[in-house]
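Excluded from the calculations below are hydrogen atoms, water molecules and symmetry mates; all remaining heavy atoms, backbone and side chain alike, are included. The chains referred to below are lettered A, B, ... by the order of the sequence lines, with proteins before strands, and numbering in each begins at 1.
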Number of protein chains: 2
Amino acid sequence: MIVSNKKNVSIKDIAQLSGVSVATVSRIMNNSGRYSQKTRDKVLKIIRETGYERNSLATSLRINKSNMIGILVPDIANEFYASVLKKAEQALFKLGYSTIICNTERSVERETAYYRMLIEHRVDGLISVSSASNQMPLSAKYAIPIVFIDRDPHSASEMIVTTDHYAAGRDLTRLLLSQADDLCLVMTKSRPSSTMDRVQAFKDELSDRGISADGSILALNTTSDKFLQRHSDLENFIQIKHQEGRRLGVFAINDNVAYMVLQVAKRFHLSVPEDLIVTGFDGMSIASISQPTITTIVQDSTAIANQASQLLVDAIKKNNDNDVQHGTIHVPYQLAQRKSTLPEAKK
Amino acid sequence: MIVSNKKNVSIKDIAQLSGVSVATVSRIMNNSGRYSQKTRDKVLKIIRETGYERNSLATSLRINKSNMIGILVPDIANEFYASVLKKAEQALFKLGYSTIICNTERSVERETAYYRMLIEHRVDGLISVSSASNQMPLSAKYAIPIVFIDRDPHSASEMIVTTDHYAAGRDLTRLLLSQADDLCLVMTKSRPSSTMDRVQAFKDELSDRGISADGSILALNTTSDKFLQRHSDLENFIQIKHQEGRRLGVFAINDNVAYMVLQVAKRFHLSVPEDLIVTGFDGMSIASISQPTITTIVQDSTAIANQASQLLVDAIKKNNDNDVQHGTIHVPYQLAQRKSTLPEAKK
DNA sequence: TTGAAAGCGCTAACAA
DNA sequence: TTGTTAGCGCTTTCAA
């Protein structure tokens with residue numbers, strides 16, 4: 001089974017064994033021409049026999065290019081991020097890059113440490129998903145290209161790929177308004193830019209109709225894992241509205257929170273969508289599994305990942321900074337109407 | 001914002017700017033002593049001013065050690081693997097290693113390509129989760145340590161960390177037998193070793209009691225994503241048993257399949273666990289979200305990841321191959337009894 | 001079509 | 001405590 005557990009064989013060994021110079025071996029490895037078919041065959045044979053594998057550390061050092069991309073992501077175990085990650089890794093692999101994935105857990109310390117590590121490894125570019133450090137620009141200090149996913153623009157030269165959370169939030173709010181007497185928004189304590197955009201959309205839509213959002217935004221003290229905790233604010237809110245005979249429309253900040261709202265409703269024996277309507281956000285599987293299924297915004301993680309990867313690789317390849325595309329790219333989303341809201345939105 | 005978008009500053013630049021030799025700078029960077037406090041301060045100041053970052057490509061090349069670990073995983077977007085991945089990455093980062101994650105999609109081609117890539121990048125070790133290539137031993141060709149997660153042993157010298165799928169499968173089958181008149185096992189076409197162990201346990205437990213497993217193993221033509229497809233085999237089976245007035249116990253190969261079985265039961269207006277009982281496997285969130293909740297084996301992904309990481313790093317650090325631990329490590333699991341089986345198992 | 005040689009950025013003897 | 005130097009494995013002129 002063990003072909004050669006001796007020391008690693010290097011290009012020098014190959015050169016020696018096949019009686020040519022290292023330069024020739026290198027040319028053959030890289031298909032850069034300037035060798036005869038005969039030498040090629042001979043060298044390739046030796047390479048096969050010895051099981052030689054190029055040391056890409058040395059190559060990267062020499063050509064000053066690592067063909068590695070770093071991805072900073074808040075949580076690999078989150079379904080949405082995992083899906084973006086998977087697609088990005090696929091796209092980048094096809095484009096000839098390997099991916100180093102870094103789980104930041106929204107900690108600025110970890111993010112900084114990872115950023116350093118990636119720079120030290122001389123990654124050719126970086127994708128930063130929903131960065132924690134809004135103050136730290138992950139600056140172009142080392143002049144490596146960075147593409148952000150889900151981030152508010154801080155300067156005109158940034159490359160950002162994102163769902164239009166604001167527009168989607170508006171859509172959802174409009175839908176809720178058409179079916180409910182009163183609205184509230186339920187969110188968690190975590191405040192990435194995507195969340196803030198959704199909240200702003202909610203407020204603006206209400207305000208456009210002359211409705212005050214005061215007191216109707218509930219921030220839950222929860223992590224998205226703890227579905228079954230008690231949340232007295234939310235419970236009170238729901239009960240009061242029900243007692244007043246008004247149908248409540250709940251704008252949940254994401255699908256997990258929407259599911260949690262559904263659980264609370266069930267505890268009070270309120271039926272959704274008859275007594276209470278709910279929307280989620282993201283289009284995660286819980287929204288199609290839960291009962292009732294949850295009306296939500298389905299983000300296109302594949303498109304997001306592909307766009308970001310392509311943009312990054314383009315930026316890496318262009319040496320002229322003016323050629324690369326800057327600014328925010330909005331990826332289309334879908335409003336999936338399901339059972340947690342009424343079947344037909346009335347106009 | 002841009003501190004220095006000029007060419008990268010190297011150790012040579014630092015040496016020059018601070019009026020010492022590169023050796024001194026190197027010693028200071030690595031805290032290897034042999035320098036005065038005064039020089040240290042001076043050099044550190046220059047490093048800070050220039051924003052110098054070590055080129056770890058060069059370091060790795062020189063010391064023949066990359067501090068990088070590769071992880072081959074069948075699917076990042078799968079909840080169980082994602083969770084193992086996350087924990088492993090955390091553990092390895094703490095141990096001073098960066099992680100390159102490779103999504104193999106159970107394709108032997110991709111697995112091979114990634115393996116090569118990782119070798120070329122001179123990773124110090126490898127974690128292979130539920131490998132697709134049972135024939136290819138991912139051999140010790142390059143003498144780098146490999147820890148497998150979820151794999152059947154092929155040789156005594158392998159390091160394997162896994163839940164004891166066989167024992168857990170036995171437990172589940174016993175539980176089902178105590179509550180149902182007839183059993184069946186529902187699986188998909190995918191056949192990793194973990195699946196096969198579960199199936200074997202099911203068969204053995206039946207056989208120990210003199211029951212034949214013939215015809216009671218259904219392999220569904222489905223991916224785990226397509227919950228709502230029709231599966232006539234399964235449907236027939238369920239209907240027939242119900243007409244015969246016998247309570248069926250379904251051993252679903254994992255939680256997703258169990259959920260699917262629940263959907264089928266619902267279509268036939270059969271109630272779980274009264275008319276039909278079901279168990280899952282893995283302990284994924286769907287098993288606690290679905291209605292009814294699903295009795296399942298909860299795998300300890302954290303323990304698996306930690307064990308694997310620790311084992312790998314130990315193997316890397318030991319230069320003497322005899323010092324490292326070999327063989328299979330079974331990580332404890334939990335049988336979570338929930339609503340898809342009867343409240344109390346009768347003896 | 002081939003080879004000699006310089007050098008990418010770093011570490012580690014060894015000498016001072 | 002510091003510096004000189006060789007060399008890790010590779011690519012790439014340049015010359016032959």
Quiz item: Over how many whole Å does the gap from B:Leu61 atom CG to D:dG7 atom C1' extend?
Solution: 9 Å
Exercise. With heavy atoms under 4.0 Å as the rule, sort B:Ser32 into base, sugar-phosphate or nothing.
Key: nothing
Exercise. Check the distance between C:dG9's P and B:Leu57's CG and give it to me in whole angstrom.
Key: 11 Å
Self-check item: Value in whole Å for how far the P atom of D:dC8 lies from CG of A:Asp13
Solution: 10 Å
Quiz item: At under 4.0 Å, does any side-chain N or O of A:Thr39 touch on OP1 or OP2 of C:dT2?
Solution: yes
Self-check item: Set of residues satisfying salt bridge (Lys or Arg N to Asp or Glu O under 4.0 Å) with respect to B:Lys86, sequence neighbours excluded
Solution: A:Asp75
Quiz item: Considering the terminal five base pairs at each end of the helix from C:dT1-D:dA16 to C:dA16-D:dT1, what angle separates the two local helix axes, rounded to 10°?
Solution: 40°
Quiz item: For the pair made of CD in B:Gln16 and P in D:dG3, what is the distance, rounded to whole Å?
Solution: 13 Å
Quiz item: Over how many whole Å does the gap from B:Asn64 atom CG to D:dC8 atom P extend?
Solution: 11 Å
Practice problem: Given side chain to side chain contact (heavy atoms under 4.5 Å, CB included), test A:Met117 with B:Ser56 step by step and report yes or no. | Solution: CA-CA 9 Å; A:Met117 183 274 277; B:Ser56 59; over 6 Å; no
Practice problem: Please work out if A:Ser60 contacts a base, only the sugar-phosphate, or nothing of the nucleic acid, heavy-atom cut-off 4.0 Å. | Solution: nothing
Exercise. Starting from C1' on C:dC10, measure out to CD on A:Glu120 and report it in whole angstrom.
Key: 12 Å
Quiz prompt | Note, A:Met29 side chain near A:Ile47 side chain (heavy atom, < 4.5 Å) | solution = yes
Quiz item: Would you say B:Gln90 and A:Asn103 make side-chain contact, with heavy atoms under 4.5 Å?
Solution: yes
For a quick test of your reading: what N or O donor-acceptor pairs under 3.5 Å do the side chains of residues 65-74 of chain B make, sequence neighbours left out?
| residue | atom | partner | partner atom | Å |
| --- | --- | --- | --- | --- |
| B:Lys65 | NZ | B:Asn67 | OD1 | 3.1 |
| B:Lys65 | NZ | B:Tyr97 | OH | 3.4 |
| B:Lys65 | NZ | B:Asp124 | OD2 | 3.0 |
| B:Ser66 | OG | B:Met68 | N | 3.2 |
| B:Ser66 | OG | B:Arg122 | O | 2.6 |
| B:Ser66 | OG | B:Asp124 | OD1 | 3.4 |

Quiz prompt | Set of residues satisfying salt bridge (Lys or Arg N to Asp or Glu O under 4.0 Å) with respect to B:Arg40, sequence neighbours excluded | solution = none
Quiz item: If every non-hydrogen atom of B:Ser128 is compared with every non-hydrogen atom of B:Ile146, which pair is closest and at what distance?
Solution: CB-CG2, 4.4 Å
Quiz item: Under 3.5 Å, is there a donor-acceptor pair between the side chain of B:Thr99 and the main chain of B:Ile101?
Solution: no
Practice problem: Apply side chain to side chain contact (heavy atoms under 4.5 Å, CB included) to A:Asp13 and list each qualifying residue two or more places apart in sequence or on a separate chain. | Solution: A:Val9, A:Ser10
Practice problem: Would you give a per-nucleotide map of nucleotides 10-16 of chain D, 5' to 3', where B means the base has a protein non-hydrogen atom under 4.0 Å away, S means only the sugar-phosphate does, and - means neither? | Solution: BBBB---
Quiz item: Between atom CZ in A:Arg40 and atom P in C:dT2, what is the gap in whole Å?
Solution: 13 Å
